[in-house]
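Computed over heavy atoms, backbone and side chain alike; hydrogens, waters and symmetry mates excluded.
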Amino acid sequence: MSIRRELREGPHRIEYPLVDFFNTVSDFGRAETSHISSELSCSYPTAYKKLRCLSELGVIQCSEGSNPLEWFLSVEHTGAEEPKLDKLTRGKLAALILESIDDTAQQLIDSSSLIQDPPHSVRQWLDDRGMDASESSAEVISRAAVFDFYLKSTLHSLYVPEVEELEPLDVDADHAREFETARNLTGNEGFSPTPPSQLAAEIPESAQRQILSLRSALRAYDQPATVLSTVYECLFTQNARRELGQFATPNRISTLLAEWAVSEDSATVLDPGVGAGMLSSAVVREKTERGDPTPIQDIKAIDIDGLSVSMAAVSLKSIDGAGSPELSIEDFLDLKAYEWTSEGRDQSDPVDAVVSNPPYSRSQLLTEDEKEAVNTQISREAGIELHGKSPLYVYFLIHASQFVKPGGKLGFVIPSGFMQTDFGVGFKQYLKEEFQIEAVVNLDDQEGTFEGVKTTVSLLLLTKKTPQQNHDVTFINLPEWPDYESLTELLDEDFEDSDGPEGYRVDIAQRLLSPEEKWLHYFAPTDTEEITGVSEFSDIATIKRGIATGNNQIFCLTKDDIENHKLPKKYLWPIIRTAKDIPGYEITSEDWLSWHSKGRDVWLLYCYDNEREKVQDPEGVAAYLDYCEKEYDTDRKLLDQRNPWYCVDEREPAPILAKYMSRTGSQFIHNKAGLRTLNNMHNIVPDFEESEEQVKALLAYLNSNIVKQEISKVSRSYSGLEKIELGALKSSPVIDPRDLAADTVQELATLFDELETAERGDGDLSEPIGKIDEILMDILDISVKPSEE
């Protein structure tokens, strides 16, 4: 089916399309408005309106001053004019180009024997797109040949005003030779021949004239890459584009990534898999706004598809007229960033940034030998053994990072599958070790980003440097792309305002991210009702903060303090002074005695009697209290609120403790020694505290990766510390060991003991935690299926 027929029979039927008037003018050569309206059976006003629109696009001209007006093709375009059109007129541009190419392609099919029996290189070009020599392949070949001619002739016209040696094209020229000359003079690889370009000479002269007259139309559009990508996507079937993983980047994403990548106006930017040049074009605009006089010359772009390189060349040259970008037609993975020597590797001319919408092709599309070769190459570059089923976008990002100077930026548009699949483990390890991961923005709209492609898209923003100790990674989930002026504005949004945009955000310290965990869980809060077998923590336990003394110098005492002030032991209780002292997942009496012997302040002044009543006049303590009132500030707000001021909050020892702030993520500790704590620990008293096996089973769950993930989503980072507030802990999802089978409780309790032993002995924690995770995933039925992307 022809493209025009698809357009006319589709849901938005086009009446009196511009291409009909364009073709009629071409057929007549020179015609009056009345003749054209008669030929197309439309009214004179309609004909005049359509012809005037074509004139505004610059594809036809009229004999101004003559009566009646005559219309004719505008073939000798040099690229100097830049029509100013309204939005409606610009919107008709892609359809005009597309239908004209389709009409010309049909003529080429009818007139050229090469279309039916194409050269080997053209057949190989078809094979690369997963197409056989079927009837539809003739349409693809002919459309590609015409589109190639349109791109190169348009690019040529853009250079004519700049390069004196270039003469404007006409239908009598040897176009292949003219394009080669332009390539040599400009260094622009957009002029390079492609397999379909061999057939361009077969295009009938009248059709060539029409295509040449269309060149000026593209100058009327401020986003030429958008028009060209629309045309390109209609030239091939979706399956054919999928073979190469080719899908155009939406302009709103391109703008955000360009702002991210361009730190200064002189930044050099690499765009591997350039396509129509959406990302590169946005970079050029960003650099222009920052004052770069020659932004196009700072662009390095690569694509395996020659048509894509020509599109990018036209897009970039249409935006900025000075010089040429550095374009290359080759497999990006074959491009060497380093020269490897016996001493190591040497890199020349690294770039400041990379922006990329890499191929989304799956590894299954490569042969076994190709997969092995690529995996070996990129694993060597990464220094990590990558999964053999890694998709091309993983290889693209790792390879692209080899071209970036230290401190440079990378902005990638990729599927989110790497965050939850087996192949993503090595990739995430590489990201964590090699970059400061600035943000991962997930678009939870599978069909709204790339038309006709069902995939969840993420923006991955990286800086090539070792992350700071307290660096947070921002995870943002969006139901749809909002209208933000800049990426900075998006990354500053907290999404907590009910009147603000929809979305979810969490900031996680990078050092807490584990390559083995499923990062997708950071994009949404967990609803305990959605997981079978869990409830809110507060439903099965009493959770309180530890004791806030108001002044630790007064209330936290060493053995020497006690001896010097002759304090009676009945008002002293052993405490955990600091979480740093805790050696593992369990605190024993031996641990406390070790702290005590080292002179630590592990005693708490605790003025309560045996009935837990406050002691108004504690015997033997009065002298110490008088001393404190002289030496320390006892007028603090917290002390003033207590009666008497020296009686701290009453707390009983809790069997489970949780660190309030930590550099290593959430950790839950068995308080086997029965110690009280300060408010640097949360105190957890389960409803079943009399059962040590059930308590240990709960501790095994609490120290699993599953809970660490959930806690990290509701925690916040402060100066490199992960902080979990009491309310967030109370609402965390937990299992109730009383609902588990006795053998499961015993197994979890045993694994907790193994975890504690491994921690104290500097052993491998991954084995017991991994076993705990396996049991819990079976209990909760929350296993994550591998991505199908």
Flag the pair Thr488 / Glu259 as yes when at least one side-chain heavy-atom distance between them is below 4.5 Å, and no otherwise. yes

In chain order, what residues pass the ring-ring contact (aromatic ring centres under 6.0 Å, His included) check against Phe427, with sequence neighbours excluded? Phe418

The criterion is side-chain contact (heavy atoms from CB on, under 4.5 Å); which residues satisfy it with Val621, sequence neighbours excluded? Pro568, Tyr571, Leu605, Pro618, Leu625

With sequence neighbours excluded, what pairs up with Tyr627 under the ring-ring contact (aromatic ring centres under 6.0 Å, His included) test? His565

If we only count heavy atoms from C-beta on, is the Leu397 to Leu431 side-chain gap below 4.5 Å? yes

Any donor-acceptor pair under 3.5 Å from Gln510 side chain to Lys432 backbone: yes

Does a side-chain heavy-atom distance below 4.5 Å link Leu657 with Ile587? yes

With the side chain counted from C-beta on, respond yes when Glu434 and Ser401 share a heavy-atom pair under 4.5 Å apart, and no when they do not. no

Contact check, side chains of Glu536 and Ser731, non-hydrogen atoms, under 4.5 Å: yes

Look at Glu725 together with Arg545 and state whether they make a salt bridge at an N to O cut-off of under 4.0 Å. yes

Are the side chains of Asn442 and Tyr522 in contact, using a 4.5 Å heavy-atom criterion? no

Are any side-chain N or O atoms of Ser732 and backbone N or O atoms of Ala728, one a donor and one an acceptor, separated by less than 3.5 Å? yes

Set of residues satisfying side-chain contact (heavy atoms from CB on, under 4.5 Å) with respect to Ala622, sequence neighbours excluded: none

Kindly say whether Ala697 contributes a backbone atom to a donor-acceptor pair with the side chain of Gln746 at under 3.5 angstrom? no

Distance-only polar pair, side chains of Glu629 and Thr634, donor-acceptor under 3.5 Å: no

Ala749: what forms a side-chain contact (heavy atoms from CB on, under 4.5 Å) with it, not counting sequence neighbours? Glu693, Lys696

Can Glu652 and Arg676 be counted as an ion pair, charged N to O under 4.0 angstrom? yes

Nearest heavy-atom approach of Val745 to Pro737 is CG2-O, 3.5 Å

Restricting to pairs with a member in residues 617-627, which pass salt bridge (Lys or Arg N to Asp or Glu O under 4.0 Å), not counting sequence neighbours? Lys570-Glu619

Side-chain donor-acceptor distances from residues 591-604 under 3.5 Å, at least two apart:
from   : atom 1 : to     : atom 2 : distance (Å)
Asp591 : OD1    : Arg760 : NH1    : 3.2
Asp591 : OD1    : Arg760 : NH2    : 3.4
Asp591 : OD2    : Thr588 : N      : 2.9
Asp591 : OD2    : Thr588 : OG1    : 3.1
Asp591 : OD2    : Arg760 : NH2    : 2.5
Trp592 : NE1    : Ile575 : O      : 3.4
Trp592 : NE1    : Val602 : O      : 3.2
His596 : NE2    : Trp603 : NE1    : 3.2
Ser597 : OG     : Leu593 : O      : 3.4
Ser597 : OG     : Ser594 : O      : 2.8
Arg600 : NH1    : Asp581 : OD1    : 2.6
Arg600 : NH1    : Asp581 : OD2    : 3.0
Asp601 : OD2    : Arg577 : NE     : 2.9

Look at the side chain of Tyr701 and the backbone N and O of Asp736, then say whether any donor-acceptor pair between them is shorter than 3.5 Å. no

Side chain of Lys464, backbone of Lys405: donor and acceptor closer than 3.5 Å? no

I'd like to know whether Phe752 forms a side-chain contact (heavy atoms from CB on, under 4.5 Å) with Leu698, so could you lay out the CA-CA distance, the side-chain angles of the two residues, the decisive distance to 0.1 Å, and finally the verdict. CA-CA 9 Å; Phe752 175 74; Leu698 177 60; over 6 Å; no

Just wondering, do Asp743 and Glu747 contact through their side chains at under 4.5 Å, heavy atoms? no

Around atom NZ of Lys544, are there more than 12 heavy atoms of other residues, nucleotides or ligands at under 6.0 Å? no

By ring-ring contact (aromatic ring centres under 6.0 Å, His included), His387 pairs with (sequence neighbours left out) none

Distance-minimising heavy-atom pair for Lys614 and Cys647: CB-SG, 3.8 Å

Measure from the side-chain N and O atoms of Trp260 to the backbone N and O of Leu410, and report whether any donor-acceptor pair falls under 3.5 Å. yes

Which side-chain N or O atoms in residues 765-776 pair as donor and acceptor under 3.5 Å with protein atoms at least two apart or in another chain?
from   : atom 1 : to     : atom 2 : distance (Å)
Ser766 : OG     : Asp764 : OD1    : 2.6
Ser766 : OG     : Asp764 : OD2    : 3.0
Asp773 : OD1    : Asn705 : N      : 3.1
Asp773 : OD2    : Asn705 : ND2    : 2.8

Does any N or O in the side chain of Ser514 come within less than 3.5 Å of the main-chain N or O of Glu516, such that one atom is a donor and the other an acceptor? yes

Report the residues that fulfil side-chain contact (heavy atoms from CB on, under 4.5 Å) with Thr474, sequence neighbours left out, ordered by chain and then residue number. Ala439, Ile476, Arg505, Asp507

Looking at Leu386, is its backbone amide N or carbonyl O close enough to the side chain of Ser379 to form a donor-acceptor pair, meaning the two atoms are under 3.5 Å apart? yes

So, taking the atom named CD in Glu650 and the one named CZ in Arg612, what distance separates them when rounded to the nearest 0.5 Å? 5.5 Å

Rounded to the nearest 0.5 Å, what separation is found between the CD atom of Gln420 and the CG atom of Leu520? 4.5 Å

Kindly say whether Ile724 contributes a backbone atom to a donor-acceptor pair with the side chain of His682 at under 3.5 angstrom? yes

Phe537 vs Phe668 aromatic rings, parallel, tilted or perpendicular, using cut-offs 30° and 60°? tilted

Going by atom type alone, with no hydrogens or angles, which donor-acceptor pairs under 3.5 Å involve a side-chain atom of residues 547-563 and a protein atom two or more places apart or on another chain?
from   : atom 1 : to     : atom 2 : distance (Å)
Thr549 : OG1    : Asn551 : N      : 3.1
Thr549 : OG1    : Asn552 : N      : 3.3
Thr549 : OG1    : Asn552 : OD1    : 2.5
Asn551 : OD1    : Gln553 : N      : 3.0
Thr558 : OG1    : Asp560 : N      : 3.3
Thr558 : OG1    : Asp561 : N      : 3.1
Thr558 : OG1    : Asp561 : OD2    : 3.2
Asp561 : OD2    : Thr558 : N      : 3.0

Heavy-atom check, side chain of Lys659 versus side chain of Ile669, under 4.5 Å: yes

What residues form a ring-ring contact (aromatic ring centres under 6.0 Å, His included) with Phe435, not counting sequence neighbours? Tyr430

Within this structure, what is the NZ-CG distance for the pair Lys409 and Leu257, rounded to the nearest 0.5 Å? 11.5 Å

Could Lys672 and Glu692 be called an ion pair, given the rule that one side-chain N must be under 4.0 Å from one carboxylate O? no

